[in-house]
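Everything numeric in this text was worked out from a predicted model, so none of it was measured. We count residues from 1, following the sequence as given.
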Amino acid sequence: MKKFLVMAFAMMAMTAGAQKFAHFNSADVIPNMKEYTTAQQELETMGKQYEQDLKLMQDELQKKSDEYQKEQANLLENVRQRREQELQDLYQRLQQSYQDNQQALAKAQQEKLGAIQEKVLAAVKKVGEAGGYVYVVDVSSGVIPFVNTALSTDITAEVKKEVGIVAAP
């Protein structure tokens, strides 16, 4: 039994030595993808549109508030209360629009970046399987404390190629 265990550990050590490990840097891949650039531009455009919409609402609220301040002393009680309620409603709509815009922007960002991350993951898987690697680690994730790059193959260039990034000459 003792010989069997020694032989099993020896076999495990030999197979462990034959295993191939790889790493890549997603921080070098993702920002260089055309999909990422397009997503960033779309999100920026969306954010600017939301800002413009909110600015219009703020301007309307400010205008109505200024008008109310000028006329407040001369208004009947029921008209004054109605105007105050209108201002309050406008303010609440502005606040709700801001929250809705923030949520929509976050959702759009999650969807767009999620699709990009899925594409990178598929590329890593394809390169990893083609190269016969046991593990492929993203060195930019910050999750792993150490990767010995001398004992691991850097497949960043291959992943870039797989996601459609053309290397500069």
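- Take Q95 and apply the side chain to side chain donor-acceptor pair (under 3.5 Å) test, not counting sequence neighbours, and it matches Y91.
- In terms of the side chain to side chain donor-acceptor pair (under 3.5 Å) criterion, K63 has no residue partners (sequence neighbours excluded).
- In this structure, the side chains of F24 and V137 stay at 4.5 Å or more apart for every pair of heavy atoms.
- Under a 3.5 Å cut-off, the side chain of S65 and the backbone N or O of L61 do not form any donor-acceptor pair.
- A side-chain contact (heavy atoms from CB on, under 4.5 Å) with Q58 holds for exactly one of Q62, E60, K55; it is K55.
- Atoms CG and OH, from D100 and Y50 in turn, are 9.0 Å apart once rounded to the nearest 0.5 Å.
- Note that OH of Y133 and CD of Q19 are 14.0 Å apart. Values are rounded to the nearest 0.5 Å.
- Remark: S26 engages D138, S140 in a side chain to side chain donor-acceptor pair (under 3.5 Å) (not counting sequence neighbours).
- A 4.5 Å side-chain heavy-atom check between L54 and Y98 finds at least one atom pair inside the cut-off.
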Walk me through whether L56 and Q52 qualify under side chain to side chain contact (heavy atoms under 4.5 Å, CB included). CA-CA 6 Å; L56 289 173; Q52 288 174 352; 5.7 Å; no
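- The hydrophobic clustering, which links ILVMFWY residues whose side-chain heavy atoms are closer than 4.5 Å, places L113 and I165 together.
- Both M33 and V124 belong to a common hydrophobic cluster when Ile, Leu, Val, Met, Phe, Trp and Tyr are linked at side-chain heavy-atom distances under 4.5 angstrom.
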Quick one, K112 with L43, criterion side chain to side chain contact (heavy atoms under 4.5 Å, CB included). Give me CA distance, side-chain angles, the key distance, then yes/no. CA-CA 9 Å; K112 290 176 186 305; L43 291 169; 4.1 Å; yes
Please table the atom pairs, donor to acceptor, closer than 3.5 Å between any side-chain atom in residues 78-89 and protein atoms at least two apart or in another chain.
unit_1: R80; atom_1: NE; unit_2: E77; atom_2: OE1; d: 3.4
unit_1: R80; atom_1: NH1; unit_2: E84; atom_2: OE2; d: 2.8
unit_1: R80; atom_1: NH2; unit_2: E77; atom_2: OE1; d: 2.5
unit_1: R80; atom_1: NH2; unit_2: E77; atom_2: OE2; d: 2.4
unit_1: Q81; atom_1: NE2; unit_2: E77; atom_2: OE2; d: 2.9
unit_1: R83; atom_1: NH1; unit_2: E71; atom_2: OE1; d: 2.8
unit_1: R83; atom_1: NH2; unit_2: E71; atom_2: OE1; d: 2.9
unit_1: E84; atom_1: OE2; unit_2: Y68; atom_2: OH; d: 2.4
unit_1: Q85; atom_1: NE2; unit_2: D89; atom_2: OD1; d: 2.8

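- Shown here are the side chain to side chain donor-acceptor pair (under 3.5 Å) partners of K48, two or more places apart in sequence or in another chain: E44.
- Note: M46 CE to E42 CD = 9.0 Å, rounded to the nearest 0.5 Å.
- Between T153 and H23, every side-chain heavy-atom pair lies at or beyond the 4.5 Å cut-off.
- Put simply, CG on L151 and NZ on K20 are 14.0 Å apart, with the number rounded to the nearest 0.5 Å.
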With side chain to side chain contact (heavy atoms under 4.5 Å, CB included) as the criterion, how do V136 and V127 come out once you've worked through the C-alpha distance, each side chain's angles and the decisive distance to 0.1 Å? CA-CA 9 Å; V136 177; V127 171; over 6 Å; no
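- Atom CD of Q99 has more than 12 heavy atoms from other residues, nucleotides or ligands within 6.0 Å.
- Evaluation of the side-chain hydrogen bond (donor to acceptor under 3.5 Å, both in side chains) test over residues 118-127, restricted to residues two or more places apart or in two chains, returns E35-K119, K126-E162.
- A donor-acceptor contact shorter than 3.5 Å links the side chain of T156 to the backbone of N25.
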